[in-house]
Amino acid sequence: VGPEQEYFLVSKTLFEQRPDLLLTGRTVIGAMSPKGQEMEDHYFGAISEQVSAFMKELNTELWAIGINAKTQHKEVAPNQFELACIYNASNVALDSNQLVMETMKKVALRHDLVCLLHEKPFAGVNGSGKHNNWSMATDDGQNLLEPGKTPHENSQFLLFCVATIEAVDTYSKLLRMSAANPGNDHRLGANEAPPAIISIFLGALEDILEKLSKGEKVIAKEGGVLALGANCLPDLPKDLTDRNRTSPFAFTGNKFEFRMQPSSDSIAGANVVLNTIVAEILSKYAERLEKAKDKQAEIAKIVKASYTAHKTVVFNGNGYSQEWQEEAAKRGLPNIKTTVESIPALNAKDSVALFTKHKVFTKEELDSRYHIYLEKYAKTINIESGVLVQMVKKSLVHAAIEYATSLAGSIATIGDVLGD
């Protein structure tokens, strides 16, 4: 796993003037700035000295505890940034991500900044997510989702690829639940994050799997080169999978990128779900392969049958479009838009059977999480509502009365002048 952590940095002085940011991590009321992210000048601009100093100290702190931060850059929204660490085993990666979030908050304060990890701290500009780059490997480090130069001939890759597709399709509600929290309800489905509909982007792999499922001949394809429009630059190879930022679950070369994750949450929940649902599908494949005399022929049958049955979840187009919403409904794909709607998947009958079978959770543990998640949601919304009411009563009402009084006085003065 390799999580990408998005976050905002704001002035500590200004932060302390906002009761909503202090208590909830987001603004619950306010006015849009005349200039937001329209020009994208923050995304492509240079990093300021203050932020650069923060990033340098953050790296030093992380390296000191054995966390290798590799990528750091600006994001689309003003004062939004991202950090990505080198991939590691799931347990290590999720513990490291927890330390990354804590260290970000601690180091930011030293630079008179506050690190905001809320999914949508400001209305009108992009929110923050945490892309969960996930793959499977053998105990000697061999990536089982590495397609190689001829993926259509790589039976190992095809088997693990279709197992992931089948798992995501079969347990899409559970996977959606693993990315649910109150902050993410404000973010998913906007032009910054994938829609709430779980689908899989495969790029050119879709054509390969489609032909294999139909028994047609597959011709190996090269990725080609990027058309840069400048003959003075060398040709750059184009990856076969490309990239689709509107997809919740995209194949990106030799891994799947789960792009729904909330920026403030642990990645543990999503990876527990991913590992368990794929393990369930692989256990069914293993039973068939252990009985098969010709394992290669059996793998071919599994790939064909599995992809044919579960390709409804595959979609390479624009996930933001209204057409996809309508098409997904026709395919029968669930569109679970809120946290409250998604949480019941946690202790649904099939989820209980799945987690108890693999000894991940007991039914009692799932029930407890169900109640805890609902309670957390209710308390979060109540706090935000209370802060909103307080800010309106203490600040906005007084400002409105003062303005109305001033306006009435001006009107009276004009009336007196006109009367004279």
Test: Glu384 and Arg26 ion pair at under 4.0 Å: yes
Ring centre gap for Phe81 and Phe54 strictly below 6.0 Å: no
Salt-bridge contact Glu6-Arg187 (side-chain N to carboxylate O under 4.0 Å): no
Separation of Thr356 OG1 from Glu365 CD (nearest 0.5 Å): 11.0 Å
Spatial distance of atom OG1 (Thr27) from atom CG (Leu388) [nearest 0.5 Å]: 11.0 Å
Main-chain N/O of His111 paired with Gln50 side-chain donor or acceptor, under 3.5 Å: yes
Parallel, tilted or perpendicular: rings of Phe315 and Trp324 (30°, 60°): parallel
Lys379 bridged to Glu375 by N-O distance under 4.0 Å: yes
Salt-bridge contact Lys284-Glu166 (side-chain N to carboxylate O under 4.0 Å): no
Whether over 12 other heavy atoms sit under 6.0 Å from Lys12 NZ: no
From OG (Ser199) to CG (Asp169), nearest 0.5 Å: 11.0 Å
Approximate separation, where rounding is to 0.5 Å, of Leu188 CG and Arg176 CZ: 5.0 Å
Point-to-point distance, once rounded to the nearest 0.5 Å, from CD of Glu16 to OG of Ser11: 8.5 Å
Pair Lys214 + Glu210, salt bridge at N-O below 4.0 Å: yes
Ion pair Glu327/Arg331, N-O distance below 4.0 Å: yes
Value rounded to 0.5 Å, distance of NZ in Lys105 from CG in Leu113: 15.0 Å
Side chain to side chain donor-acceptor pair (under 3.5 Å) partner of Ser264, the single match among His118, Lys130, Glu119: Glu119
Within 6.0 Å of CD in Glu38, more than 12 heavy atoms from elsewhere: yes
Glu402 atom CD: more than 12 heavy-atom contacts under 6.0 Å: no
